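So you know, we letter chains A, B, ... as the sequences are listed, proteins then strands, and number each from 1. Source: prediction; values computed, not measured.
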There are 2 protein chains.
Amino acid sequence: MGKTATDDGRSRKVGVKDISREAGVSISTVSHVLNGTASISPAVRTRVLEAARRLGYLAHRQAKASITALDTILLAVPPDTLPQNNLNFVSWTVLSALGKESERRGIRLVPFPLEGLANSAKAIVEAARSEKAGGIILLNVDRRELVEGIAGAGVAAVLINGEDSSMQLDSVTPGNRFGARLATDWLIRQGHRKILHITWRGRATIRRRGDGFVDAFVDNGLPREDAQFLFAEGYEPHLGEKAIGEWLVANKGLGEITAIFCAADNLALGVMRGLQTAGYKIPSDISVMGFDGVAPGEFTTPSLTTVNVPLDQMGPAALHLIEQRVTSNRLDRASHRLELGCRLIVRASVAPGPAGTSPR
Amino acid sequence: MGKTATDDGRSRKVGVKDISREAGVSISTVSHVLNGTASISPAVRTRVLEAARRLGYLAHRQAKASITALDTILLAVPPDTLPQNNLNFVSWTVLSALGKESERRGIRLVPFPLEGLANSAKAIVEAARSEKAGGIILLNVDRRELVEGIAGAGVAAVLINGEDSSMQLDSVTPGNRFGARLATDWLIRQGHRKILHITWRGRATIRRRGDGFVDAFVDNGLPREDAQFLFAEGYEPHLGEKAIGEWLVANKGLGEITAIFCAADNLALGVMRGLQTAGYKIPSDISVMGFDGVAPGEFTTPSLTTVNVPLDQMGPAALHLIEQRVTSNRLDRASHRLELGCRLIVRASVAPGPAGTSPR
DNA sequence: CTGAAAGCGCTTACAG
DNA sequence: CTGAAAGCGCTTACAG
């Protein structure tokens, strides 16, 4: 973006000259269009803007304007989020996209591993100062003392995958509630009426998925009791496998349940294995829906129908929020809580349910 | 911002030259700091960035980078939102700040009044095209057909004060749920245990305030039944007055309620009048809390304790989202649902309740 | 790590 | 409404 690859593999900056060539007008016309300094015919205007966008000039200009003030960002991550823990595909995807974008923009990312509950806000703020970081990104943590401490220090900070109910810090999360509703709504439209939601006792961001699960039942006028919950001990695959295994025993089979909505793909991976081990066929005996849209779900048998979270956009969005805050000269800038939209990915693990038609 | 007032009242652009003077360094050093093209001593770096921010150079640069592509925006508003309807202080505040910011940036805002349910998405998109608008802002509307229709047309559009559960359009809302929780939590901390939430059957954004009201009870370990709801017929002051009047009659007085949390300041205005007409003293007999932080609440007797929504930042945030979308050359850019943080404004309408201490 | 000076890119009167 | 040309602001080798 903002650069154009040349034959020799190197890239050079895109400028008004390139746009003028591409759009077939003079460079002054390009400038006029970009700045609104003269009235330009709509046709020309459109052509110029199209060219500018296509060549990445607009995005480049935008990025360049913001990053000037930012050269280092402290990245606070809980220990179980680090890359060596290869079970956590979600964090891995988020981190790798964040790293790539930072590199592209020449921002130095300094990782700061959080060790359990020991690290105080003070330690994080201290680290940011000593690294001369202009901002802090916190991944997968939103403990209240931490958030309050950091907010009190007045550094620009953003939570990724966390929320600050005191509305002091900026945050980026998936659209958890709407996403879960989307998934559940789709199961309902496929004819499922009794659905089990397998989740775990995680942070508020995960509870939002449960809220959305219930929302879909309510919005479709279905009885709330048919939206059942099962809590696994965590989100790792083996815990999902364990949870469904125990549930099948306690319940003497699937009962009336015809679909399972897992609060994370990771969990779904284990749940599918558990179901298959117990002799159930997916999706003919039971449908399974995931949440996250992480790579492995594509390669299971059957492949996992899920809600895709734009994980690769979360880091860049967080960078943008920090930039905005650092650049702004408003002291009263309200905190920004950003939810990124999710999309349903229909693959093979969901089949039509017993109720043929949509209840709507 | 981005300009500096001179003695004769005019303003001129702020440039690196001004920053270099302000920071006491050469212009090339300023450039190096802004672009990270040389390693600069932390002291100098900080001084330069401080000066750049103070003079508004950073904000200016940022704004300038984005607006180039945008010269006209269509503003779709329901008829009851228009300025002549002076009861709707919230919309008035949002619109006036949006107008001011658009003017400052040289963006032409074309109002498009929605007439009841008659206007289709097609009509709006059509109007945007004929006005050559680069984006659409929809205020206080989020009907599904409208949202889907506009999303389908592929124009950049943002909802202000609305949500798109299908996660296709961008939106800006107050942090309704967290804000209501903040308000209720504060009432609880003041010693109130039985609280009445007066609201109306509005859109989802308003229901979120009810959610937050309940959240506060749950988080504080208080019985859910003590979080009572009363629905007025709308948000106008006289409907609040009517609702509380009827409730007092039906209930033969206040009963155990010691505080009332109104889902809007506008409603609170009428509720206060109703309570006072019925002979109750605020806050000694009953505490009243509002939501919105709109001007009139400051001038009531007693003045209204409320949750301040950054109404003046909603329009600018919406513009920013449109710019981002127009500028971006990603086709798969996820929808952005943005919630702006709110702050509690403690004034005179809330007194300590019967339970002295905080339950936590 | 900082600055004087050359140079490049974008903007801006101005002509048509 | 568009473009050729002058000019301004910012960047960038380079010296110390």
Side-chain angles (χ1 to χ4, degrees), chain A residues 2-4 6 10-53 55-69 71-72 105-106 108 132 327, chain B residues 2-4 6 10-53 55-69 71-72 105-106 108 132 327:
Chain A
K3 305 202 171 179
T4 260
T6 48
R10 281 178 303 149
S11 62
R12 42 170 263 286
K13 278 194 199 107
V14 170
V16 280
K17 212 162 40 188
D18 304 275
I19 302 169
S20 75
R21 187 177 359 88
E22 189 84 4
V25 296
S26 73
I27 57 163
S28 42
T29 300
V30 172
S31 178
H32 284 311
V33 169
L34 294 178
N35 299 290
T37 40
S39 38
I40 304 285
S41 72
V44 170
R45 202 184 111 82
T46 311
R47 218 161 69 224
V48 170
L49 286 177
E50 257 320 304
R53 194 197 337 268
L55 294 172
Y57 182 82
L58 293 182
H60 176 68
R61 199 189 217 206
Q62 177 105 73
K64 209 181 151 209
S66 343
I67 56 169
T68 64
D71 74 348
T72 302
R105 296 204 188 173
R108 190 171 65 104
K132 315 228 176 300
T327 316
Chain B
K3 305 203 170 179
T4 260
T6 48
R10 281 178 302 148
S11 63
R12 41 171 265 285
K13 280 195 197 106
V14 170
V16 281
K17 212 161 40 186
D18 304 275
I19 303 169
S20 75
R21 188 178 359 86
E22 189 83 4
V25 296
S26 73
I27 57 164
S28 43
T29 300
V30 172
S31 177
H32 283 311
V33 169
L34 294 177
N35 299 290
T37 40
S39 37
I40 304 286
S41 71
V44 169
R45 202 184 113 81
T46 311
R47 219 161 68 223
V48 169
L49 285 177
E50 257 320 302
R53 194 197 337 268
L55 294 173
Y57 182 83
L58 293 182
H60 175 69
R61 197 188 219 209
Q62 176 104 73
K64 210 182 150 207
S66 342
I67 57 169
T68 64
D71 76 348
T72 302
R105 296 203 187 173
R108 191 171 65 103
K132 314 226 177 303
T327 316

Contacts of B:Ala23 meeting side-chain contact (heavy atoms from CB on, under 4.5 Å) (sequence neighbours excluded), chain-then-number -> B:Val25, B:Val48, B:Ala51

Ranking A:Thr37 and B:Thr29 by the position along DNA chain C of their nearest nucleotide, the one closer to 5' is B:Thr29

Those residues at least two apart in sequence (or on a different chain) that pass side chain to side chain donor-acceptor pair (under 3.5 Å) with A:Arg47 are none

Taken in chain and number order and not counting sequence neighbours, the residues that satisfy side chain to side chain donor-acceptor pair (under 3.5 Å) with A:Thr72 are A:Arg108

Ranking A:Ser41 and B:Val30 by the position along DNA chain D of their nearest nucleotide, the one closer to 5' is A:Ser41

Span of DNA chain C engaged by chain B, first through last nucleotide within the 4.0 Å heavy-atom cut-off, is C:dC1 to C:dT12

Rounding to 0.5 Å, atoms CD (A:Glu50) and CG (A:Leu55) come to a distance of 10.5 Å

Note, DNA chain D 5' to 3' with Watson-Crick or G-U pairs under 3.5 Å encoded as ( ), [ ], | and . gives |||.||||||||.|||

Distance col, row A:Lys17:NZ vs A:Ile27:CD1, nearest 0.5 angstrom, shows 8.0 Å

Nearest-nucleotide check on DNA chain C, A:Lys17 vs A:Ser28; residue mapping nearer the 5' end is A:Lys17

In A:Leu49, A:Asp18, A:Val16, the residue satisfying side chain to side chain contact (heavy atoms under 4.5 Å, CB included) with A:Val30 is A:Val16

Contacts of A:Ser31 meeting side-chain contact (heavy atoms from CB on, under 4.5 Å) (sequence neighbours excluded), chain-then-number -> A:Asn35

dist A:Arg53:CZ -> A:Ile19:CD1 (nearest 0.5 Å) comes out at 11.5 Å

